[in-house]
Amino acid sequence: MNLLNIKIITPAGVEYEGKVERATIPTADGQITVLANHTPLVSLLSEGEIILKGGDTDEVKYKTKAGFLEVRHDSEAILLPDYIEKSN
């Protein structure tokens, strides 16, 4: 199974780094789920919950309010939230 490399970087440093099967992310255009080999994109994060599942973790959730998301062509996603709080 292909996994998505994901990194969440806050102003305080790296909050999460690992491999997941999927990441559900709130964006300015609505909630999306990112899998390995996803089409590259750049988007604004909106208020909501980031949910990471599979791979290195069963499930981890974070609350966020704003920031940026970049999905790269090499099954990598970088999240740069202005605010993040673990919610589970």
List, one per line, each side-chain donor-acceptor pair under 3.5 Å for residues 4-17, sequence neighbours excluded.
{"from": "Thr10", "atom 1": "OG1", "to": "Ala12", "atom 2": "N", "distance (Å)": "3.1"}
{"from": "Thr10", "atom 1": "OG1", "to": "Gly13", "atom 2": "N", "distance (Å)": "3.3"}
{"from": "Thr10", "atom 1": "OG1", "to": "Gly13", "atom 2": "O", "distance (Å)": "3.0"}

Item checked: Criterion side chain to side chain contact (heavy atoms under 4.5 Å, CB included) on Thr33 and Ile51, from CA distance to verdict -> CA-CA 9 Å; Thr33 297; Ile51 304 169; over 6 Å; no
Margin query: Tell me every residue that passes side-chain hydrogen bond (donor to acceptor under 3.5 Å, both in side chains) with Lys53, counting only those two or more places apart in sequence or in another chain.
Written below: Glu59
Notebook entry, point to check: Sequence neighbours excluded, which residues qualify as side-chain hydrogen bond (donor to acceptor under 3.5 Å, both in side chains) partners of Asn37?
Noted result: Ser75
Next item on the list: Quick one: pull up CZ in Arg22 and NE2 in His38 and give me the separation to the nearest 0.5 Å.
Entry: 13.5 Å
Next item on the list: Would you indicate whether the side-chain heavy atoms of Phe68 and Leu44 approach each other to under 4.5 Å?
Entry: yes
Notebook entry, point to check: Do Leu69 and Leu41 have side-chain heavy atoms sitting under 4.5 Å apart?
Noted result: yes
Next item on the list: Give the cluster check for Ile32 versus Leu52: same hydrophobic cluster or not, with ILVMFWY residues linked at side-chain heavy-atom distances below 4.5 Å.
Entry: yes
Note to self: Nearest 0.5 angstrom please: Leu79 CG to Leu45 CG, how far?
What the structure shows: 5.5 Å
Check: OG1 of Thr24 to CG of Leu35: how many Å apart, nearest 0.5 Å?
Finding: 8.5 Å
Check: For the residue pair Glu70 and Val42, what are the closest heavy atoms and their distance?
Finding: CG-CG2, 4.2 Å
Notebook entry, point to check: Do Val71 and Leu80 share a hydrophobic cluster (ILVMFWY, side-chain heavy atoms under 4.5 Å, transitive)?
Noted result: no
Notebook entry, point to check: Passes side chain to side chain contact (heavy atoms under 4.5 Å, CB included), Leu3 versus Glu21? Steps please.
Noted result: CA-CA 5 Å; Leu3 296 175; Glu21 289 178 14; 3.7 Å; yes
Next item on the list: Over all heavy atoms of both residues, which pair between Glu47 and Pro26 is shortest? Give the atoms and the distance, please.
Entry: O-CB, 4.0 Å
Next item on the list: Drop me the distance from Lys19's NZ to Glu76's CD, to the nearest 0.5 angstrom.
Entry: 10.5 Å
Checklist line | Point-to-point distance, once rounded to the nearest 0.5 Å, from OG1 of Thr64 to CD of Glu85 | finding: 10.5 Å
Notebook entry, point to check: In this structure, are over 12 heavy atoms from other groups packed under 6.0 Å from Asp74 atom CG?
Noted result: yes
Notebook entry, point to check: What closest approach, in Å, do Pro40 and Arg72 show between heavy atoms, and which atom pair accounts for it?
Noted result: CG-C, 4.3 Å
